[in-house]
Amino acid sequence: RMQQCVRECETNGISVLCFPEAILGGLADFSDNPGRLAIRTDDGQLTAVLEPLASDTVTSIVGFTELGHDGALYNAAAVYQRGRVTGVYRKIHPAIRRSVYKPGSATPVFRAGELTFGIVICNDSNYPELTRCMAVQNAAVLFIPTNNSLPNGRASLDLNAAARSTDVALAAQNRIWVIRADIVGRNGKLTCFGSSEIVDPEGNVIRKRVLSGRSCWWLRLTLTDGIMNCAPGSPALADTSLSERRDRSSAYGRLYREL
C-alpha cells in the first residue's frame, strides 16, 4: 500500500508524501515487545526498509520507531529522498501519561526542492512553540504524522474536532500550511476515526478525511516569492486504512491526555 501511494504520487506529479505516525510497525506503546519494532538509522537498516519507496521525484515522510545510539526508543519520522534518509525528526512529547519512547529535543526543518518544511508528530502539535520554531526557520508547510488510535471503547470523533481546532490555530498563527496525516479504521482492540486534513495559512480547512474516502489524496501548492499558493489538484497526504507559552489547555491536548 505504501509503495502504491508513492507510485500514484509519481504519476500525478506530487513531490511530498506524508504517511501517518508509526506507519512502519505501529506504535511501540501498544506492543508487548516494543524492541521488535525498532529500526536503526546508523547502519543502513532504515534505508533498506524504505528501499521500495525510493523515487527520483517524491519525498516521503515515514513514521517509525527508531533505536537510537543510546539504546533508547524514539517515536520518529524519516525524510526519505532519492533512496536516502536525509533527515529524522524525533517526537518531543511522546507521552499521554507514560510511554516507552524517549523524548526528542530538536526542531529541524527540511527541504524538498524549493520547499522548506517542518515536522511535528501527533501530540507535539499541542505545543505551539514547536511550530513557531520551525516557522521562524522559514518553514512554509508543517506536516503532522498522526496516530489517533485508541482502545475501541474510548475512541471518539471529539478527538478529530479538537485536532482540527489545533491545526487551524497553528496555521493561522504562523501563516503556514498545516497538513495532518492520520490512520483510519479498526485494528483489533484499537479504533481511529481519522483526522487527516489540509489547512491553509488563513486557517481554512481545504480538505479533510472522510471515513469512506480514498487512501491517498493531494493538493497542489505552488511556491511563488516565498508564498505558497493553492491550485486545484504539491504536498500530498496519505492515509492508511486501518502565543509563546506552552498552551497545554488546548482542546486537542486536553482530550489527548484524558482519552
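Numbers for residues simply follow the sequence, beginning at 1.
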Distance col, row Gln81:CD vs Ile61:CD1, nearest 0.5 angstrom, shows 9.0 Å
Here the pair of heavy atoms bringing Gly118 nearest to Ala139 is N-CB, 3.9 Å
* Taking a hydrophobic cluster as the set of Ile, Leu, Val, Met, Phe, Trp and Tyr residues connected by side-chain heavy atoms closer than 4.5 Å, whether directly or through intermediates, do Ile23 and Leu46 fall within one such cluster? -> yes
Value for CG (Asp182) from SG (Cys122), rounded to nearest 0.5 Å, stands at 7.0 Å
Which of Asn148, Thr146, Thr166, Asn160 passes side chain to side chain donor-acceptor pair (under 3.5 Å) with Ser195? Answer is Asn148
In this structure, CD1 of Ile179 is separated from CG of Asp200 (nearest 0.5 Å) by 11.0 Å
Using modelled atom types and a 3.5 Å cut-off, is there a donor and acceptor pairing between side-chain atoms of Asn152 and backbone atoms of Leu190?
yes
Legend entry - Full working for side chain to side chain contact (heavy atoms under 4.5 Å, CB included) between Ser125 and Arg180: CA-CA 10 Å; Ser125 63; Arg180 185 183 292 269; 3.1 Å; yes
- Would a distance-only check, ignoring hydrogens and angles, find a side-chain to backbone donor-acceptor pair under 3.5 Å from Asn12 to Ile14? no
Of all heavy-atom pairs linking Ile121 and Ala77, the shortest is CD1-N, 3.9 Å
**Prompt:** Is the shortest side-chain N to carboxylate O distance from Arg132 to Glu129 below 4.0 Å?
**Reply:** no
*asked:* Please say yes or no: joined through hydrophobic side-chain contacts below 4.5 Å, possibly via intermediate residues, are Phe64 and Tyr74 part of one cluster?
replied: no
- Is there a donor-acceptor pair under 3.5 Å between the side chain of Asp167 and the backbone N or O of Val178? no
One should read off an interatomic distance between Leu67 CG and Arg40 CZ, to the nearest 0.5 angstrom, of 4.5 Å
Closest non-hydrogen contact found for Leu50 with Ala78 is CD1-CB, 4.4 Å
Rounded to the nearest 0.5 angstrom, the CG-CE distance for Leu24 and Met2 is 4.5 Å
Given 3.5 Å as the limit, does a donor-acceptor pair link the side chain of Gln137 with the main chain of Thr107, or not? yes
Checklist entry - Is the closest side-chain heavy-atom distance between Ser55 and Arg7 below 4.5 Å? => result yes
Heavy-atom closest pair (Ala38 atom, Gln45 atom, distance to 0.1 Å) is O-NE2, 4.1 Å
Do Tyr127 and Val120 pass the side chain to side chain contact (heavy atoms under 4.5 Å, CB included) test, and can you show the C-alpha distance, the side-chain angles, and the key distance before you say yes or no?
CA-CA 10 Å; Tyr127 298 80; Val120 297; over 6 Å; no
With Phe143 as partner, the option from Tyr89, Phe117, Phe19 fulfilling ring-ring contact (aromatic ring centres under 6.0 Å, His included) is Phe117
For Leu53 and Tyr80 the tightest heavy-atom approach is C-CE2, 3.7 Å
Any Val109 side-chain heavy atom under 4.5 Å of Asn138 side chain: no
Here the pair of heavy atoms bringing Lys102 nearest to Ala72 is CD-CB, 3.7 Å
Residues passing the side-chain hydrogen bond (donor to acceptor under 3.5 Å, both in side chains) test with Arg84, sequence neighbours excluded, are none
- Message: What I'd like to find out is whether the side chain of Ile119 reaches to under 4.5 Å of the side chain of Val79, using heavy atoms alone.
- Response: yes
Using the rule that Ile, Leu, Val, Met, Phe, Trp and Tyr join whenever any side-chain heavy atoms are under 4.5 Å apart, tell me whether Val88 and Val49 fall into a single cluster. yes
- Query: Do the side chains of Val136 and Met134 join up, straight or via other hydrophobic residues, at under 4.5 Å, putting them in one cluster?
  - Reply: no
Worksheet entry | Side chain Asp29, main chain Val100, donor-acceptor under 3.5 Å | yes
### Message
Checking Tyr101 against Thr65: is there a side-chain donor and acceptor pair closer than 3.5 Å?
### Response
yes
* Please answer whether the main-chain N or O of Leu170 pairs with a side-chain N or O of Asn174 as donor and acceptor at a distance below 3.5 Å. => yes
request  = Flag the pair Thr86 / Phe110 as yes when at least one side-chain heavy-atom distance between them is below 4.5 Å, and no otherwise.
outcome  = no
Test side chain to side chain donor-acceptor pair (under 3.5 Å), reference Asn75, set Glu66, Glu21, Arg90, His93, output is Glu21
Q. Should Leu17 and Val85 be regarded as members of a common hydrophobic cluster, given that ILVMFWY residues are connected when their side-chain heavy atoms come within less than 4.5 Å of each other, either directly or indirectly?
A. yes
Interatomic distance, OG@Ser15 vs CD@Glu10, rounded to 0.5 Å, equals 12.0 Å
Could you tabulate the donor-acceptor pairs under 3.5 Å formed by side-chain atoms of residues 30-37, not counting sequence neighbours?
unit_1	atom_1	unit_2	atom_2	d
Ser31	OG	Asn33	N	3.0
Ser31	OG	Asn33	O	3.3

